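Order of listing sets the numbers, starting from 1, for every ligand and every atom in it. The model shown is predicted, which means the values in this text are computed figures rather than measured ones. Keep in mind that the numbers below use all heavy atoms, side chains included, and drop hydrogens, waters and symmetry copies. Numbering starts at 1 and runs along the sequence shown.
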Amino acid sequence: MIVRKTPSEIEKMRRSGLLVHKILHELGAMVHEGLSTWDLELAAVKMMADAGAKPAFKDYFVPAAGEKYRYVLCTSVNEEIVHGMPNPKRILKNGDIVSIDTGVCLEGYFGDSALTVGVGELSEQAKKLLKVTEESLELAIDKVREGNRLFDICGTVEDFVVGNGFSIVREYVGHGIGTQLHEEPQIPNYVDRRNENPRLRQGMVLAIEPMVNAGKPEAKVLKDKWTAVAKDGSYSAHFEHCVAVTANGPWVLTRP
Ligand code: MF3
Ligand code: CO
């Protein structure tokens with residue numbers, strides 16, 4: 001069942017969403033050559049504590065990993081797709097791309113967002129990967145309207161990404177969000193005809209999160225049980241926003 005939120009619940013999700021935005025914006029501005037992904041984690045821990053927010057990812061149990069996640073951020077560098085773990089030994093270098101994914105909970109309501117930023121000078125392909133992945137999310141956001149269907153979102157991401165010569169990661173998907181970090185429906189970044197195709201209704205809040213590989217779509221998980229990487233070693237990008245279906249169209253809760 002897809003839980004629909006009242007306007008006052010969406011206002012609470014808005015507070016979480018704006019906090020996630022502020023954190024990601026500040027972390028994105030910190031990124032430079034020589035910084036470690038652990039430096040990002042420490043800054044995020046402090047910002048969440050200062051705001052009185054509960055980190056959404058830390059201690060979150062993920063069945064596929066068989067254990068709880070131990071950090072407030074996922075920091076996924078280059079061929080890492082998602083669930084890269086902050087590490088003081090992972091020093092960012094010129095030409096890297098790093099995706100930063102985080103969530104918070106304020107007053108029982110979650111916010112979740114991700115972005116990918118470049119370090120220094122990027123290759124033309126890496127620049128295009130970031131641009132296409134972010135634009136696929138923007139195009140999908142515009143489909144978050146009452147009367148449209150879930151597959152309109154999924155298909156929009158898929159068509160744009162594939163049309164630009166990149167590939168969609170299939171193992172990881174977006175999700176509904178509210179009083180739980182992950183609620184129904186699952187939101188693949190491609191049309192999966194095995195799933196239902198519900199109509200979008202006012203009060204639904206969707207976390208849309210394209211994960212796009214520059215090369216082949218296949219993913220594998222490293223021996224650390226968490227880090228998902230592109231099997232062929234190609235770069236991978238990730239952007240995410242939480243979007244509410246309102247009478248006035250899409251409302252992106254995770255940006256001003
Ligand atoms: N990246 C996932 C999402 O955006 C959540 C992270 S799972 C966790 O939905 F274990 F890392 F918390
Ligand atoms: Co998410």
(message) Side chains of N248 and T246: any donor to acceptor distance under 3.5 Å?
(response)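 No pair is found: no donor N or O on one side chain lies under 3.5 Å from an acceptor on the other.
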
(message) Is it the case that the side chains of H241 and E138 hold a donor-acceptor pair, with the cut-off being a distance below 3.5 Å and no angle test?
(response)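 No, no side-chain donor-acceptor pair sits under 3.5 Å.
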
(request) Specify the closest pair of heavy atoms between D112 and C242, including all atoms of both residues, with the distance to one decimal. (result)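 Heavy-atom minimum between the residues: O-SG, 3.1 Å.
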
(request) Please name the atom of E240, restricted to N, O or S, that is closest to the Co ion (ligand 2). (result)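 Of the nitrogen, oxygen and sulfur atoms in E240, the Co ion (ligand 2) lies nearest to OE2.
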
(request) Measuring from the Co ion (ligand 2), name the closest N, O or S atom belonging to E209. (result)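 Among the N, O or S atoms of E209, the one closest to the Co ion (ligand 2) is OE2.
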
(message) side chain to side chain contact (heavy atoms under 4.5 Å, CB included) for R201 and E146? Distances and angles first, verdict last.
(response) CA-CA 5 Å; R201 299 282 183 212; E146 181 148 57; 4.0 Å; yes

(message) Are Y60 and H182, when compared by the centres of their aromatic rings, separated by less than 6.0 Å?
(response)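 Ring centroids of Y60 and H182 are less than 6.0 Å from each other.
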
(request) Test L73 against every option in L40, L42, V45 by the side-chain contact (heavy atoms from CB on, under 4.5 Å) rule and name the one that passes. (result)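 Of L40, L42, V45, side-chain contact (heavy atoms from CB on, under 4.5 Å) with L73 is met by L40 alone.
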
(message) Within ligand 1, which atoms have a heavy atom of H175 less than 4.0 Å away?
(response)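 Ligand 1 atoms under the 4.0 Å threshold to H175: 3 (C), 9 (O).
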
(request) Please could you name the atoms of ligand 1 that E240 approaches to less than 4.0 Å, counting only its heavy atoms? (result)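 Going through ligand 1 atom by atom, the ones under 4.0 Å from E240 are 4 (O).
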
(message) Is D112 close enough to the Co ion (ligand 2) that one of its N, O or S atoms comes in under 2.8 Å?
(response)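 Given the 2.8 Å cut-off, D112 counts as a ligand of the Co ion (ligand 2).
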
(message) Counting backbone and side-chain atoms alike, is an N, O or S atom of H182 positioned under 2.8 Å from the Co ion (ligand 2)?
(response)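 Here the distance criterion (N, O or S atom, under 2.8 Å) is not met by H182, so no.
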
(message) How long is the straight-line distance from OG1 of T6 back to NZ of K12, given to the nearest 0.5 Å?
(response)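 So the gap between those two atoms works out to 8.0 Å.
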
(request) Taking only Lys NZ, Arg NE, NH1 and NH2, and the carboxylate oxygens of Asp or Glu, determine whether E124 and K127 approach each other closer than 4.0 Å. (result)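 Yes, E124 and K127 are salt-bridged.
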
(request) Using a strict cut-off of less than 4.0 Å between a Lys/Arg side-chain nitrogen and an Asp/Glu carboxylate oxygen, indicate whether E80 and R90 qualify as a salt bridge. (result)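 Looking at E80 and R90, the cut-off is met.
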
Give the residue and atom name of whichever protein heavy atom lies nearest to [atom], and the separation in Å to one decimal.
{"atom": "atom 9 (O) of ligand 1", "result": "H182 NE2, 2.8 Å"}
{"atom": "atom 7 (S) of ligand 1", "result": "H83 NE2, 3.8 Å"}
{"atom": "atom 11 (F) of ligand 1", "result": "C74 SG, 3.4 Å"}
{"atom": "atom 1 (N) of ligand 1", "result": "D101 OD2, 2.5 Å"}

Can you tell which part of [X] has a heavy atom less than 4.0 Å from ligand 1: side chain, backbone, both or neither?
{"X": "F57", "value": "both"}
{"X": "A114", "value": "neither"}
{"X": "D112", "value": "side chain"}

(request) Would you check whether W226 has a nitrogen or oxygen atom less than 3.5 angstrom from a nitrogen or oxygen atom of ligand 1? (result)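 So ligand 1 has no N or O lying under 3.5 Å from an N or O of W226.
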
(message) Within 45 degrees of the ring normal and closer than 6.0 Å to the centroid, is that where the cationic atom of R15 sits relative to Y109?
(response)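 Verdict for Y109: no cation-pi partner in R15.
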
(message) Looking at ligand 1, is there an atom of it that comes within less than 4.0 Å of some heavy atom belonging to V62?
(response)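 In this structure, V62 qualifies as a contact of ligand 1 - some heavy atom is under 4.0 Å.
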
